[in-house]
Amino acid sequence: MKTPRLPIALQQAVMRSLRHFLQLAQQKLERHFEEPTLVYQQRGTAAGTAWLEQWQIRLNPVLLLENQQAFIDEVVPHELAHLLVWKTFGRVPPHGKEWKWMMEDVLGVPARRTHQFAITSVRSNTFPYRCRCQQHQLTVRRHNRVVRGESEYRCVHCGTLLQPGEYAAD
């Protein structure tokens with residue numbers, strides 16, 4: 001899937017949001033943080049990721065286009081909070097008490113771990129697999145690992161090995 005071109009006004013709105021939340025953090029924490037790099041290369045169903053060592057936020061351009069204001073209000077501070085937590089506390093659980101504190105008390109945003117955006121436009125093909133009790137959908141990556149003999153997957157409910165194919169209910 002080709003990465004969509006983002007309107008410059010949308011990119012500017014994302015940057016304004018980032019700078020707003022960064023300034024808020026700097027005031028409340030009374031310390032300076034460099035502005036992170038924004039990259040619009042996140043793929044798949046993730047709205048964004050924070051790359052700690054690179055001091056970089058990667059955003060999903062498709063989900064940004066489809067959910068502009070909610071994305072700006074929620075995803076940008078969510079990923080920034082990961083970076084700020086890393087600079088402030090070091091390596092801690094990604095959505096632990098430090099991140100929750102950073103989101104709610106410092107940035108003033110509800111601490112939600114996952115987005116609620118529709119993902120049909122970014123979801124990749126899946127492959128049907130079956131076990132004893134149900135049908136499963138494996139991603140292309142997991143399917144290819146099975147085909148190459150690199151991985152095998154088991155059902156978390158019945159524990160049987162997943163097999164390619166449709167599930168036939170009794």
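For the numbers below, each heavy atom of this structure counts, side chains included, while hydrogens, waters and symmetry mates do not.
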**Prompt:** Can you tell me how far the SG atom of Cys158 sits from the CD atom of Gln134, to the nearest 0.5 Å?
**Reply:** 7.5 Å

**Item:** Donor-acceptor under 3.5 Å (Ser17 side chain, Ala13 main chain)
**Value:** no

**Nearest atoms (heavy-atom pairs only) where Leu83 meets Pro36** = CD1-CB, 3.5 Å

**Request:** Could you tell me whether Arg5 atom CZ has more than 12 heavy atoms of other residues or ligands within 6.0 Å of it?
**Result:** no

**Message:** Rounded at 0.5 Å granularity, tell me how far OG1 in Thr88 sits from CH2 in Trp101.
**Reply:** 6.5 Å

**Request:** Considering non-hydrogen atoms only, spot the tightest contact between Ala50 and Glu79 and give its length.
**Result:** N-OE1, 3.1 Å

**Fill in**
Value for NE2 (His136) from SG (Cys131), rounded to nearest 0.5 Å, stands at 3.5 Å

**Request:** Please confirm whether the backbone N or O of Leu6 pairs with a side-chain atom of Gln11, one donor and one acceptor, at under 3.5 Å?
**Result:** yes

**Request:** Supply the atom-to-atom distance Leu59 CG to Leu18 CG, rounded to the nearest 0.5 angstrom.
**Result:** 9.0 Å

**Request:** Give, for atom CE of Met103 and atom CD of Glu74, the distance between the pair rounded to the nearest 0.5 Å.
**Result:** 8.5 Å

**Test item: Thr160 side-chain N/O and Arg132 main-chain N/O as donor-acceptor pair under 3.5 Å** = yes

**Request:** Would you please classify the geometry between the His82 ring and the His95 ring as parallel, tilted or perpendicular, with 30° and 60° separating the classes?
**Result:** perpendicular

**Prompt:** So if you build clusters from Ile, Leu, Val, Met, Phe, Trp, Tyr with side-chain heavy-atom gaps below 4.5 Å, do Phe127 and Leu161 land together?
**Reply:** no

**Asked** Do Glu53 and Lys87 meet the salt-bridge criterion of a basic N to acidic O distance under 4.0 Å?
**Response** no

**Prompt:** Can you name the closest pair of heavy atoms from Leu162 and Leu138 and give their distance?
**Reply:** CD1-CD1, 3.7 Å

**Prompt:** Taking all atoms of both residues into account, what is the closest heavy-atom pair of Leu24 and Leu107, and its distance?
**Reply:** CD2-O, 3.5 Å

**Asked** Hey, is CD on Gln23 packed in by over 12 heavy atoms from elsewhere, all under 6.0 Å?
**Response** no

**Request:** Would you check if the side chain of Asn67 reaches a backbone N or O of Ala70 as a donor-acceptor pair within less than 3.5 Å?
**Result:** no

**Request:** Kindly determine whether Lys28 and Asp105 satisfy side-chain contact (heavy atoms from CB on, under 4.5 Å), including the steps that lead there.
**Result:** CA-CA 9 Å; Lys28 290 194 176 183; Asp105 295 354; over 6 Å; no

**Complete:** Taking every heavy atom of Ala111 against every heavy atom of Lys100, the minimum-distance pair comes out as CB-CG, 3.8 Å

**Request:** Spell out, as yes or no, whether a donor-acceptor pair under 3.5 Å connects the side chain of Asn60 to the backbone of Gly48.
**Result:** no

**Request:** Kindly check if the number of other-residue, nucleotide or ligand heavy atoms within 6.0 Å of CD (Gln27) is above 12?
**Result:** yes

**Request:** Would you mind reporting whether Arg142 and Tyr153 have side-chain heavy atoms less than 4.5 Å apart?
**Result:** yes

**Item:** Aromatic plane relationship, Tyr129 with His143 - under 30° parallel, 30 to 60° tilted, over 60° perpendicular
**Value:** perpendicular

**Item:** Pair Glu66-Leu63, side-chain contact (heavy atoms from CB on, under 4.5 Å): steps then yes or no
**Value:** CA-CA 5 Å; Glu66 293 175 355; Leu63 291 178; 4.0 Å; yes

**Message:** Please determine whether residues Leu64 and Met15 belong to a single hydrophobic cluster, defined as Ile, Leu, Val, Met, Phe, Trp and Tyr linked transitively by side-chain heavy-atom distances below 4.5 Å.
**Reply:** yes

**Asked** If only atom types and distance count, is the side chain of Gln26 paired as donor or acceptor with the main-chain N or O of Phe33 below 3.5 Å?
**Response** yes

**Item:** Shortest non-hydrogen contact between Pro77 and Phe21, atoms and distance
**Value:** CG-CE1, 3.8 Å

**Message:** Could you walk me through whether Gln56 and Arg58 satisfy the side-chain hydrogen bond (donor to acceptor under 3.5 Å, both in side chains) test, starting with their C-alpha distance in whole Å, then the side-chain angles of each, then the deciding distance to 0.1 Å, before giving a yes or no?
**Reply:** CA-CA 6 Å; Gln56 180 181 92; Arg58 293 188 185 177; 2.6 Å; yes

**Request:** Inspect the surroundings of CD in Glu150 and state if more than 12 heavy atoms from other residues, nucleotides or ligands are less than 6.0 Å away.
**Result:** yes

**Request:** For the pair His78 (side chain) and Arg112 (backbone), establish whether a donor and an acceptor sit closer than 3.5 Å, ignoring hydrogens and angles.
**Result:** yes

**Message:** Check for me, please, whether Leu52 and Val75 land in the same ILVMFWY cluster - side-chain distances under 4.5 Å, paths through other members count.
**Reply:** yes

**Message:** Main chain of Gly159, side chain of Arg154: is a donor-acceptor contact present, judged purely on distance under 3.5 Å?
**Reply:** yes

**Item:** Parallel, tilted or perpendicular, as decided by the 30° and 60° cut-offs, for the rings of Trp86 and Trp55
**Value:** tilted

**Request:** Indicate if Val39 and Val62 have the same hydrophobic cluster label, given that clusters are the connected sets of ILVMFWY residues with side-chain heavy-atom separations under 4.5 angstrom.
**Result:** no

**Prompt:** With no hydrogens and no angle check, do the side chains of Trp51 and Thr49 hold a donor and an acceptor under 3.5 Å apart?
**Reply:** yes

**Message:** Return the CD to OG1 distance between Glu35 and Thr37, rounded to the nearest 0.5 Å.
**Reply:** 8.5 Å

**Audit row: Val76, Leu38, side-chain contact (heavy atoms from CB on, under 4.5 Å) steps and yes/no** = CA-CA 10 Å; Val76 171; Leu38 282 176; 5.9 Å; no

**Asked** Are Pro128 and Pro164 side-chain neighbours, meaning at least one heavy-atom pair lies under 4.5 Å?
**Response** no

**Item:** Any Glu152 side-chain heavy atom under 4.5 Å of Val146 side chain
**Value:** no

